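This chain uses plain numbering: 1 for the first residue, then up along the sequence. Please read these numbers as outputs of a predicted model, since none were measured by experiment.
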Amino acid sequence: MAAKTAELIWFNGEIMPWGDAKVHVMSHALHYGTSVFEGIRVYATHLGPAGFRLTEHVQRLYDSAKIYRMPIPYSFDQTMQACRDIVVANKLDGAYIRPLAFYGDVGMGITPPKDAKCELLVAAFPWGAYLGEDSMERGVDVAVTSWNRLAPNTIPTGAKAGGNYLSSLQISTEAKRNGFDEGIALDVNGLVSEAAGANLFVIKKNKLYTPPATAAILMGITRDTIITLARDKGYEVVEEPMSREFLYLADEMFMTGTAAEIVPVRSVDRIEVGAGMRGPITKEIQASFFGLFNGETEDKWGWLEPI
């Protein structure tokens, strides 16, 4: 995947040319993975450019920093404004926003000094479909990888932190080395957790199932959106542990995330899911989700936040 760039970037309180945002090679985050971040979509909606659940994403950034006791030297409101400002400065109608807080050159001790504060960047750039432009309709082939998700009380999976994503790297690259589009991990108990960077939904007999918070998942904001939209359409959504073979026997299956949005799964471990193509309920959920951005789905929840 090619690097995504824009003309400008917000870095430590200043909007500057993209190439001028630099850090020292001895930055703590480079050595120990001490960063927390978010991924936020801006959609070109019928109401103009809008951040999708922007406030909740920024809140999760601060929650992740709190879990790791990382002080962000900017207020919540300042970070919200930085997200808006960098989209406007880059003249983007649709974008992917990436705020990231990290420890810079604060010394080589694993424990940062007591007075160490994080640095903060906010990037905004165009980013299309995470798994390819045709993945939304065609679906993707996935595999359960040999790498488990993190065990409880090892690394907090509830935080969206840089170091946590080494697990995702192993899951995704193993799947791709073996010819699949994406990897799925089991949790430490051998039950289904999530994909490398996305939550999972299984449809069986017109019910939607998704692994619970205790399955070492990141509680996705898109996951919550899908649960809300599905229930609003009258579907029952069940959060419960699920076995690997439950995926094989699904009628339909899809993955969700800010980057992935809603991607149908057509096979798991080379076993076809349902008819081996996007199913009707997945298509209906996709239409409900993307309808938020052209007005076909009423935004009852105030999820669209004007830039």
Side-chain angles (χ1 to χ4, degrees), residues 1 129-151 157 165 167-218 220 222-223 226-227 229-230 233 235-257 259-289:
M1 186 180 300
Y130 181 67
L131 291 173
E133 293 299 329
D134 61 346
S135 63
M136 300 282 183
E137 181 174 350
R138 178 180 55 85
V140 296
D141 301 308
V142 305
V144 177
T145 72
S146 65
W147 293 97
N148 285 353
R149 270 301 192 202
L150 303 161
T157 58
Y165 276 71
S167 166
S168 299
L169 178 76
Q170 294 286 47
I171 293 161
S172 185
T173 56
E174 180 182 287
K176 288 172 180 172
R177 281 197 306 273
N178 291 320
F180 297 93
D181 296 303
E182 190 55 287
I184 291 173
L186 305 181
D187 65 16
V188 70
N189 298 311
L191 298 169
V192 174
S193 176
E194 61 183 352
N199 295 123
L200 300 174
F201 284 85
V202 167
I203 300 168
K204 186 74 176 175
K205 296 183 178 177
N206 292 322
K207 286 186 186 177
L208 279 70
Y209 296 83
T210 190
T214 50
I217 66 170
L218 179 72
T222 308
R223 173 184 180 274
I226 299 308
I227 291 172
L229 289 174
K233 296 185 78 65
Y235 289 107
E236 183 178 351
V237 182
V238 181
E239 299 178 67
E240 68 177 25
M242 61 179 68
S243 63
R244 178 175 183 165
E245 61 270 26
F246 189 61
L247 306 182
Y248 300 157
L249 302 177
D251 297 330
E252 302 178 38
M253 179 174 162
F254 60 85
M255 303 187 291
T256 65
E261 298 174 304
I262 304 171
V263 177
V265 173
R266 62 186 180 192
S267 74
V268 180
D269 295 341
R270 306 199 193 286
I271 297 176
E272 279 193 352
V273 172
M277 56 190 294
R278 180 179 63 176
I281 296 177
T282 301
K283 186 176 181 180
E284 183 183 3
I285 296 292
Q286 282 180 324
S288 183
F289 176 76

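- Note that CD1 of I281 is 15.0 Å distant from CE of M253, once rounded to the nearest 0.5 Å.
- More than 12 heavy atoms of other residues, nucleotides or ligands shown are found within 6.0 angstrom of CD on E240.
- The backbone N or O of I271 lies less than 3.5 Å from no partner atom in the side chain of D269, so there is not a single donor-acceptor pair.
- With contacts defined as side-chain heavy-atom distances shorter than 4.5 Å, the pair S172/E182 qualifies.
- For the pair R270 and F180, the cation sits on the ring face: its NZ or CZ lies under 6.0 Å from the ring centre, inside 45° of the axis.
- Side-chain atoms of S168 and R149 form a donor-acceptor pair, as typed in the model, at a separation below 3.5 Å.
- In plain terms, the two heavy atoms of P211 and S193 that are nearest each other are CG-O, 3.3 Å.
- Shortest non-hydrogen contact noted between T222 and E261 is CG2-O, 4.1 Å.
- Between I171 atom CD1 and S146 atom OG the span is 9.5 Å, to the nearest 0.5 Å.
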Can you check side chain to side chain contact (heavy atoms under 4.5 Å, CB included) on R138 and R278, steps first, answer last?
-> CA-CA 7 Å; R138 178 180 55 85; R278 180 179 63 176; over 6 Å; no
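- For D181 (side chain) and V142 (main-chain N/O), no donor-acceptor pair under 3.5 Å exists by modelled atom type.
- Minimum interatomic distance between S167 and N148 (heavy atoms only, all atoms of both residues): OG-O, 4.2 Å.
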Verdict with reasoning, I203 to T282, per side chain to side chain contact (heavy atoms under 4.5 Å, CB included) | CA-CA 8 Å; I203 300 168; T282 301; 3.8 Å; yes
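- Inter-residue side-chain proximity for F201 and E252 is flagged as unmet; no heavy-atom pair is nearer than 4.5 Å.
- Taking CZ of F289 as the reference point, atom CG of L229 lies at 8.0 Å (rounded to 0.5 Å).
- Side-chain contact between M255 and V265 is present, with at least one heavy-atom pair separated by less than 4.5 Å.
- Of all heavy-atom pairs between L191 and P241, the closest is CD1-CB, 3.8 Å.
- Between F246 and Y209, the ring planes lie perpendicular to each other; the angle is over 60°, past the 30° to 60° tilted range.
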Stepwise side-chain hydrogen bond (donor to acceptor under 3.5 Å, both in side chains) test for E239 and T210 | CA-CA 5 Å; E239 299 178 67; T210 190; over 6 Å; no
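- Between the OG atom of S267 and the OH atom of Y248 there is a distance of 10.5 Å, given to the nearest 0.5 Å.
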Report the C-alpha distance between I217 and R223 in whole Å, list the side-chain angles of each, state the deciding distance to 0.1 Å, and finish with yes or no for side chain to side chain contact (heavy atoms under 4.5 Å, CB included).
-> CA-CA 11 Å; I217 66 170; R223 173 184 180 274; 3.7 Å; yes
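- In this structure, K204 places its NZ atom where more than 12 heavy-atom neighbours from other residues, nucleotides or ligands lie under 6.0 Å away.
- Within the model, atoms CD1 of I285 and CG of L208 stand 5.5 Å from one another, a figure rounded to the nearest 0.5 Å.
- Residues I184 and R244 are not in side-chain contact: their nearest non-hydrogen atoms beyond the backbone lie 4.5 Å or more apart.
- V237 places none of its side-chain heavy atoms less than 4.5 Å from the side chain of K207.
- Q286 approaches I262 most closely through the heavy-atom pair NE2-O, 3.0 Å.
- Separation of atoms CZ (F254) and NZ (K283) is listed at 15.0 Å; rounding is to 0.5 Å.
- A salt bridge links D141 to R266: one of the charged nitrogens lies within less than 4.0 Å of a carboxylate oxygen.
- Among all heavy-atom pairs drawn from N199 and L218, the shortest one is ND2-O, 3.1 Å.
- Side chains of Y165 and Q170: no donor on one and acceptor on the other come within 3.5 Å.
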